[in-house]
Colleague: 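Quick one: the structure is below, questions incoming.
Predicted model, so just to flag it, every value in this text is computed and none were measured. Remember, it's 1-based here, ligands and their atoms both numbered in the order they're listed.
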Amino acid sequence: MVMGRQETILVTGGAGFIGTHTVVQLLDEGFIVWIIDNLHNAVEEAVQRVRELVGPQLSQNLHFCLGDIRNKDDLEKLFSQTKFDAVVHFAGLKAVGESVAHPFRYFDNNLIGSITLYSVMEKYNCKKLVFSSSATVYGQPEKIPCVEDFQLKAMNPYGRTKLVLEEIARDIQKADPEWRIILLRYFNPVGAHPSGKLGEDPIGIPNNLMPYIQQVAVGRLPELNVYGYDYPTPDGTAIRDYIHVMDLADGHVVALHKLLKQDNIGCVAYNLGTGEGTSVLEMVAAFEKASGKKIPIKLCPRRAGDATAVYASTQKAEKELGWKAKNGIDEMCRDQWKWGSQNPWGYQSQP
Ligand code: NAD
Ligand code: UFG
């Protein structure tokens, strides 16, 4: 822990999966943290677990506000009472399929929510921002690894909100060079806090691979559907760059330090991935090894819109942020299983 640093950070969506893990790291670094979350996809118990993890002393530096970033009054209340040094902006919706079926939800929550947040930040002269972007902005990349200066494309309304929000951030910074903005493009965040106290707790049937495997392992779901086994990859299943959520959280801490210290940042994007590709079947095998559980699979047709292989170039983050992921898939599966086996129903004690 670094003592003496008392900058105050607003974390939107801080009760969610990546948010809670990042808040733990920020508190450990000595920051004062305010969370604003509307609990649309989170529970207050997750914030309580953060408090337990950091202990009574650092918990005093954590404040939770039930609020919505689309509601200017909620934001005004916060900004008029507290001087924030920077904002880490996670709040948003993230389910690709839902975004295709209900695009307005995504335009409203992600676009209007973010624009409302930025306008209040501007009003209160808080012009340092870390934004949750996504590898989705690379679309179906023609080349891999994905490098930050590739041309960007949106494959669905969710991806379009991330792409537009990246462009909006660039416009804001261009109009007012006092803004310092770091766009972090996450690859596939998985794993959990190594204590087993925090993790991902999706509502309903998971869309993503790791939470799905976890729910098969604890007996909540009977088998894993493997979407596509005829991809041009060594084992025929699709390849992704899975990154441990603790590495991702650390990426936010280093990005914040850069924002707070350096004045010529502009608006800059960094990939946060490991640079390693792992296939679906490799992930299943690693999880079976970590958990000692058999994961029954069913080979299914490809999922619409899925890319064959996506992984990051990590050079820019290594060079400019001094950040590199430390954990590989064995650690990701170990910690995912610790969380899953200790919390089979997530933050609920029973179904
Ligand atoms: P999450 O759903 O667990 O966290 C998002 C949090 O934001 C939730 O706690 C939710 O209640 C809150 N929220 C949503 N709308 C809000 C609003 N209008 N006002 C206040 N709070 C609101 O998701 P996550 O996995 O932690 O993702 C965080 C961010 O990272 C999102 O912006 C997501 O798009 C992005 N991202 C996630 C992934 C991933 O696979 N998890 C990958 C790339 C990018
Ligand atoms: N998969 C299965 N079975 C499942 C779930 C997933 O075989 O039940 C496969 C998918 O077909 C894909 C791979 O596992 O090949 C990974 O799928 P995820 O849904 O876990 O992740 P994606 O790469 O499709 O997408 C995720 C987020 C997006 C984000 C993207 C890049 O869902 O929002 O990572 O960050 F844009």
Colleague: Could you tell me whether some N/O pair between Met210 and ligand 2 is separated by less than 3.5 angstrom?
Modeller: no

Colleague: Would you mind listing which atoms of ligand 2 come within a distance below 4.0 Å of any non-hydrogen atom of Val226?
Modeller: 7 (O)

Colleague: What's the shortest distance from atom 33 (C) of ligand 1 to any protein heavy atom, and which residue and atom give it?
Modeller: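 The closest heavy atom on the protein side is Tyr158 OH, 3.7 Å.
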
Colleague: Which of the numbered atoms in ligand 2 are below 4.0 angstrom from a heavy atom of Arg240?
Modeller: 12 (C), 15 (O), 16 (C), 22 (P), 23 (O)

Colleague: Are Glu318 and Lys324 ion-paired here, with the side-chain N under 4.0 Å from a carboxylate O?
Modeller: yes

Colleague: Can you tell me which residue and heavy atom of the protein come closest to atom 9 (O) of ligand 1, and the distance to 0.1 Å?
Modeller: Asp37 OD2, 2.6 Å

Colleague: Atom 29 (C) of ligand 1: which protein heavy atom is closest, and how many Å away?
Modeller: Phe90 O, 3.2 Å

Colleague: How close does the nearest protein non-hydrogen atom get to atom 10 (C) of ligand 2, and which residue and atom is it?
Modeller: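 The closest heavy atom on the protein side is Asp306 OD2, 3.4 Å.
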
Colleague: Which heavy atom of the protein is the closest neighbour of atom 5 (C) of ligand 2, given with residue, atom name and distance?
Modeller: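 Atom 5 (C) of ligand 2 sits closest to the protein heavy atom Asn207 O, 3.5 Å.
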
Colleague: At what distance is the nearest protein heavy atom to atom 24 (O) of ligand 2, and which residue and atom is it?
Modeller: Arg303 NH2, 2.9 Å

Colleague: Check Ser133 against ligand 1 and report side chain, backbone, both or neither, counting heavy atoms closer than 4.0 Å.
Modeller: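 Contact part for Ser133 vs ligand 1: backbone (N, CA, C, O).
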
Colleague: Give the residue, atom name and distance (to 0.1 Å) of the protein heavy atom nearest atom 2 (O) of ligand 1.
Modeller: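 Here the nearest protein heavy atom works out to Asn41 ND2, 2.7 Å.
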
Colleague: Which value, rounded to the nearest 0.5 Å, describes the distance between Ser99 atom OG and Met155 atom CE?
Modeller: 11.5 Å

Colleague: Taking the six-membered ring for Trp, are Tyr186 and His252 closer than 6.0 Å centroid to centroid?
Modeller: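 So the answer is yes for these two rings.
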
Colleague: With a 4.0 Å cut-off, would you call Arg105 and Asp108 a salt bridge?
Modeller: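 Salt bridge: no.
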
Colleague: Using ring-ring contact (aromatic ring centres under 6.0 Å, His included), reason through Phe79 and Phe84 one step at a time and then give a plain yes or no.
Modeller: CA-CA 7 Å; Phe79 278 83; Phe84 294 111; 5.0 Å; yes

Colleague: Any nitrogen or oxygen of Gly16, main chain or side chain, under 3.5 Å from a nitrogen or oxygen of ligand 1?
Modeller: yes

Colleague: Please work out whether the ring planes of Trp337 and Phe287 are parallel, tilted or perpendicular, with thresholds of 30° and 60°.
Modeller: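 If you compare the ring of Trp337 with that of Phe287, the planes turn out perpendicular.
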
Colleague: Measuring from non-hydrogen atoms of Tyr229 to any atom of ligand 2, is the shortest distance under 4.0 Å?
Modeller: no

Colleague: Determine whether the aromatic ring centres of Trp339 and Tyr347 lie less than 6.0 Å apart.
Modeller: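 Distance test on ring centres: under 6.0 Å, yes.
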
Colleague: Run the contact test for Gly67 against ligand 1 with a 4.0 Å cut-off on heavy atoms, strictly below, and give the result.
Modeller: yes

Colleague: Could you check whether the rings of Trp179 and Tyr118 sit parallel, tilted or perpendicular, using 30° and 60° as the cut-offs?
Modeller: perpendicular

Colleague: Can you report which non-hydrogen protein atom sits closest to atom 5 (C) of ligand 1, along with the distance?
Modeller: Gly92 O, 3.9 Å

Colleague: Nearest protein heavy atom to atom 3 (O) of ligand 1, by residue and atom, and its distance?
Modeller: Phe17 N, 2.8 Å

Colleague: Could you check whether atom CD of Glu76 has more than 12 heavy atoms from other residues, nucleotides or ligands sitting under 6.0 Å from it?
Modeller: yes

Colleague: For atom 9 (C) of ligand 2, what's the nearest protein heavy-atom neighbour? Residue, atom name and distance, please.
Modeller: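 Here the nearest protein heavy atom works out to Val280 CG2, 3.8 Å.
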
Colleague: Report yes if some N/O of Phe187 lies less than 3.5 Å from some N/O of ligand 2; otherwise report no.
Modeller: yes

Colleague: Measure the distance from atom 30 (O) of ligand 1 to every protein heavy atom, then report the residue, atom name and distance (to 0.1 Å) of the closest one.
Modeller: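 Scanning the protein heavy atoms, the shortest distance from atom 30 (O) of ligand 1 goes to Tyr186 CE1, 3.2 Å.
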
Colleague: Thinking salt bridges, do Lys127 and Asp176 make one under a 4.0 Å N-O criterion?
Modeller: yes

Colleague: Counting heavy atoms only, which of Tyr212, Tyr227, Tyr231 comes nearest to atom 4 (C) of ligand 2?
Modeller: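 It is Tyr227 that holds the nearest heavy atom.
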
Colleague: Pull out every atom of ligand 2 sitting under 4.0 Å from any heavy atom of Ala135, numbered as shown with elements.
Modeller: 31 (C), 35 (O)

Colleague: Could you identify the single nearest non-hydrogen protein atom to atom 20 (O) of ligand 2 and state the distance to 0.1 Å?
Modeller: Leu209 N, 2.8 Å

Colleague: Kindly indicate, with the supporting measurements, whether the criterion side chain to side chain donor-acceptor pair (under 3.5 Å) is fulfilled by Arg334 and Asn327.
Modeller: CA-CA 11 Å; Arg334 177 197 66 199; Asn327 295 287; 4.7 Å; no

Colleague: Is ligand 1 less than 4.0 angstrom away from at least one heavy atom of Lys162?
Modeller: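 Heavy atoms of Lys162 do come under 4.0 Å of ligand 1.
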
Colleague: Do Phe107 and His102 have their ring centres less than 6.0 Å from each other?
Modeller: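 No, the ring centres sit 6.0 Å or more apart.
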
Colleague: If we set the cut-off at 4.0 Å for heavy atoms, which region of Asn225 has an atom near ligand 2: side chain, backbone, both, or neither?
Modeller: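 For Asn225, only backbone atoms sit under 4.0 Å from ligand 2.
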
Colleague: Are the ring centres of His21 and Phe17 closer than 6.0 Å?
Modeller: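 For His21 and Phe17, the ring centres are under 6.0 Å apart.
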
Colleague: Can you list the ligand 1 atoms lying under 4.0 Å from a non-hydrogen atom of Ala42?
Modeller: 9 (O), 11 (O)

Colleague: Note the single closest protein heavy atom to atom 13 (C) of ligand 2, along with its residue, its atom name and the distance in Å.
Modeller: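 I find the closest protein heavy atom is Tyr242 OH, 3.7 Å.
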
Colleague: Answer yes when Asp230 and Arg302 have at least one side-chain N-carboxylate O distance shorter than 4.0 Å, and no when they do not.
Modeller: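 A salt bridge links Asp230 with Arg302.
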
Colleague: Among Met210, Glu200, Arg240, which residue satisfies the side chain to side chain contact (heavy atoms under 4.5 Å, CB included) criterion with Val190?
Modeller: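 With Val190 as partner, Met210, Glu200, Arg240 yield a single side chain to side chain contact (heavy atoms under 4.5 Å, CB included), made by Met210.
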
Colleague: NZ of Lys174: more than 12 outside heavy atoms within 6.0 angstrom?
Modeller: no

Colleague: Are Val50 and Ile35 joined in one hydrophobic group, where the rule is that I, L, V, M, F, W and Y side chains link up if heavy atoms are under 4.5 Å apart?
Modeller: yes

Colleague: Among all protein heavy atoms, pick the one closest to atom 32 (O) of ligand 2 and tell me residue, atom and distance.
Modeller: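 That would be Asn208 ND2, 2.8 Å.
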
Colleague: Near Tyr186, which atoms of ligand 2 are under 4.0 Å from a heavy atom of that residue?
Modeller: 35 (O)

Colleague: Out of Val43, Ile18, Thr12, Asn188, who gets a non-hydrogen atom closest to atom 26 (O) of ligand 1?
Modeller: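 Of the listed residues, Ile18 has the closest heavy atom.
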
Colleague: With a cutoff of 4.0 Å, is Pro189 in contact with ligand 1, counting heavy atoms of the residue only?
Modeller: yes

Colleague: Are Tyr311 and Phe187 close enough that their ring centers fall under 6.0 Å?
Modeller: no

Colleague: Under 3.5 Å between any N/O of Ala15 and any N/O of ligand 1: does that happen in this structure?
Modeller: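 No, Ala15 has no N/O under 3.5 Å of an N/O on ligand 1.
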
Colleague: Which atoms of ligand 2 sit under 4.0 Å from any heavy atom of Thr136?
Modeller: 31 (C), 36 (F)

Colleague: Measuring from atom 15 (O) of ligand 2, which candidate in Gly228, Ala238, Ser99 has the nearest non-hydrogen atom?
Modeller: Ala238

Colleague: Taking atom 23 (O) of ligand 1 as the point of reference, which of Lys94, Arg70, Arg105 owns the nearest heavy atom?
Modeller: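 Considering heavy atoms of Lys94, Arg70, Arg105, the nearest to atom 23 (O) of ligand 1 sits in Lys94.
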
Colleague: Which residue and non-hydrogen atom of the protein lie closest to atom 34 (O) of ligand 2, and at what distance in Å?
Modeller: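 Of every protein heavy atom, Asn188 ND2, 3.5 Å lies nearest to atom 34 (O) of ligand 2.
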
Colleague: For the pair Lys294 and Glu288, find out whether any cationic side-chain nitrogen is under 4.0 Å from an anionic carboxylate oxygen.
Modeller: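 Answer for the salt bridge query: yes.
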
Colleague: Using a 4.0 Å cut-off to any heavy atom of His40, which atoms of ligand 1 qualify?
Modeller: 11 (O)

Colleague: Of the options Lys162, Lys94, Arg185, which is the one that meets Ser132 in a side chain to side chain contact (heavy atoms under 4.5 Å, CB included)?
Modeller: Lys162

Colleague: Suppose we measure from atom 22 (C) of ligand 1 to each protein heavy atom; which comes out shortest, and what is that distance?
Modeller: Asn38 OD1, 3.1 Å

Colleague: May I ask which of Leu39, Asn109, Asn110, Val190 has a heavy atom nearer to atom 15 (N) of ligand 1 than the others do?
Modeller: Asn109

